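Step one of this worksheet: look at the structure below.
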Amino acid sequence: MRRTVFNEDHEAFRDTLRAFIEAEVVPVHDEWFAAGQAPREFYYKLAELGVFGIRVDEEYGGAGIDSYKFEAILYEETARAGVSFGGSGVHVLLGLPYVKLLATDEQKKRYLPKFVSGEEMWAIAMTEPGTGSDLAGMKTTAKLSEDGTHYVLNGSKTFITGGVHADQMIVCARTDAPRADDRRHGISLLVVDTKSEGYSIGRKLDKLGLKTSDTAELAFVDVKVPVENLLGEENKGFYYLGHNLASERWGIAYGSYAQAKAAIRFTQQYVQDRVVFGQPVASFQNTKFELAACKAEVDAAEAVVDRATEALDAGELTPAEAASAKLFCTEVAHRVIDRCLQLHGGYGFMNEYPIARLYADNRVNRIYGGTSEIMKSIIAKDMGL
């Protein structure tokens, strides 16, 4: 079936991006993998390519295209090549929606031009040690100073993607105590300059997968944050987080679909070239059946993400629909990538083969952005159960 989600402009962007990846990423990606992160200078190249400004208004230096379809192509093309752009994904997918939704005109003028140019990279700090998906249980505090000019931030965060290279960090912190009838009350969003005194980056975490993505622990000790850096209204941060979780979960769903599709591509090439017992692995019935079953699942996932993308662009993707897309696509990718690795035999366990890296990278998709169990709870609640 012919896909209708992309037009000529999208395909032209795909061609440009594919050439960029082949020239700028593929030759050095193994070095990034060994180093545990992409170099900061690479993000300037992404900025020059226009990746950071697609959904930013023209007055701030962006293209002013209010669509996630170009980001969808980013997922497809990086997965296709078996590479990643490091922790830069959170800059656009996670950081930008909060600025667009909540920032005042003054804040947009202050933040967005540097966002587009790559001069300032953004990330968001939600998760804390011991809280996991329970965001209402966060302990990090931001107390207003006596003169009302700034907040004093104290606490810690963990699993922060983009945390090493970030220049501006959206920190979720308690500006008020939770209410007896509403644990979610009292959370606010503050934009924190990572060069601020008392702001420190702890360990760069050694992860199972996503090796080129800088993921860190953060600590805040009496960090002064100007009141002008409050995003949105005080104490309503939890509701803002919920509003933007739909786009985040769409991104995880789409990335999972793209990884599964890439896994089939890598495996099809491998089984056609690999000879055992005097014949290509592709000639065995089991290989054909396994890959056919995988393709059927990926075709279904493609239909799900295409529908979700259209709904997201139209502003109609509900939290339950985003949860459903994430649950389905991450589970499909889990099954498909595992079966594709099996068809590689022992070579599938070697990091020099892209299927091994895909296997490790994909595992977190059923955890971050809300676990599969949380997705099921959201869907069940929407069903009235």
Side-chain angles (χ1 to χ4, degrees), residues 1-6 11 14-15 17-19 21-23 25-30 32-34 72-84 208-212 252-307 325 327-366 372:
M1 294 179 286
R2 184 176 66 87
R3 297 180 79 184
T4 59
V5 70
F6 299 123
E11 296 305 332
R14 185 191 301 278
D15 293 340
L17 183 63
R18 187 173 296 182
I21 290 172
E22 288 298 321
V25 183
V26 171
V28 294
H29 196 260
D30 285 347
W32 298 359
F33 187 86
I73 292 171
L74 281 169
Y75 286 120
E76 291 189 9
E77 291 304 308
T78 51
R80 179 185 182 276
V83 302
S84 87
L208 170 68
L210 302 179
K211 291 291 189 179
T212 61
I252 297 170
Y254 208 106
S256 299
Y257 148 74
Q259 289 175 326
K261 184 176 181 180
I264 293 175
R265 176 174 178 266
F266 295 139
T267 306
Q268 189 169 347
Q269 292 174 339
Y270 176 83
V271 298
Q272 288 171 337
D273 295 336
R274 175 77 165 131
V275 175
V276 297
F277 304 115
Q279 57 185 316
V281 174
S283 67
F284 294 100
Q285 185 182 64
N286 178 69
T287 303
K288 296 175 182 179
F289 281 8
E290 284 292 281
L291 284 177
C294 287
K295 185 179 185 302
E297 288 214 75
V298 171
D299 284 348
E302 182 175 272
V304 169
V305 295
D306 283 357
R307 185 180 69 174
L327 176 65
F328 180 76
C329 292
T330 56
E331 295 291 341
V332 164
H334 161 65
R335 292 191 295 269
V336 167
I337 294 171
D338 184 74
R339 294 164 85 172
C340 285
L341 188 149
Q342 187 73 15
L343 288 173
H344 280 73
Y347 290 104
F349 205 65
M350 300 296 110
N351 273 327
E352 63 186 278
Y353 282 78
I355 192 66
R357 300 185 186 187
L358 265 183
Y359 184 87
D361 289 350
N362 176 261
R363 184 58 184 90
V364 76
N365 290 339
R366 290 182 288 150
S372 291

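What you see is a predicted model, and the numbers here were worked out from it, not measured in a lab. Count residues from 1 along the sequence.
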Quick check: do [X] and [Y] have side-chain heavy atoms less than 4.5 Å from each other?
X	Y	result
Cys340	Leu291	yes
Tyr257	Lys261	yes
Ile355	Tyr270	no
Ser256	Asn362	yes

Which residues share a salt bridge (Lys or Arg N to Asp or Glu O under 4.0 Å) with Glu290, sequence neighbours left out: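 Residues passing salt bridge (Lys or Arg N to Asp or Glu O under 4.0 Å) with Glu290: Arg339.
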For residues [X] and [Y], report the shortest heavy-atom separation together with the two atoms involved.
X	Y	value
Ala356	Phe349	CB-C, 4.2 Å
Val25	Ser84	CG1-O, 4.1 Å
Gln279	Ser283	OE1-OG, 2.9 Å
Val26	Ala81	CG2-CB, 4.4 Å
Val298	Ala260	CG2-CB, 3.8 Å
Ala258	Ala79	O-CB, 3.5 Å

Counting only heavy atoms not in [X], do more than 12 fall under 6.0 Å of its [atom1]?
X	atom1	value
Glu11	CD	yes
Arg307	CZ	no
Gln285	CD	no
Tyr75	OH	yes

Value rounded to 0.5 Å, distance of [atom1] in [X] from [atom2] in [Y]:
X	Y	atom1	atom2	result
Tyr353	Thr267	OH	OG1	12.0 Å
Gln259	Ile337	CD	CD1	5.0 Å
Arg363	Asp338	CZ	CG	11.0 Å
Glu331	Asn365	CD	CG	10.5 Å
Gln272	Thr287	CD	OG1	10.5 Å
Leu210	Arg357	CG	CZ	12.5 Å

Please list, chain by chain and in numerical order, all residues satisfying side-chain contact (heavy atoms from CB on, under 4.5 Å) with Lys295, sequence neighbours excluded.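 Scan of Lys295 (side-chain contact (heavy atoms from CB on, under 4.5 Å), adjacent residues dropped) gives Ile264, Asp299.
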Thr78: what forms a side-chain contact (heavy atoms from CB on, under 4.5 Å) with it, not counting sequence neighbours?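 So Thr78 forms a side-chain contact (heavy atoms from CB on, under 4.5 Å) with Ile21, Val83, Phe85.
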Could you tell me if Glu76 and Tyr254 have a donor-acceptor pair between their side chains, going purely by distance under 3.5 Å?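 Glu76 and Tyr254 do have a side-chain donor-acceptor pair below 3.5 Å.
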When you measure from the centre of the six-membered ring of Phe6, is the NZ or CZ of Arg14 under 6.0 Å away and within 45° of the axis? yes
Step by step, work out the side-chain contact (heavy atoms from CB on, under 4.5 Å) result for Cys294 and Arg335. CA-CA 8 Å; Cys294 287; Arg335 292 191 295 269; over 6 Å; no
Stepwise side-chain contact (heavy atoms from CB on, under 4.5 Å) check, Phe284 with Val271: CA-CA 10 Å; Phe284 294 100; Val271 298; over 6 Å; no
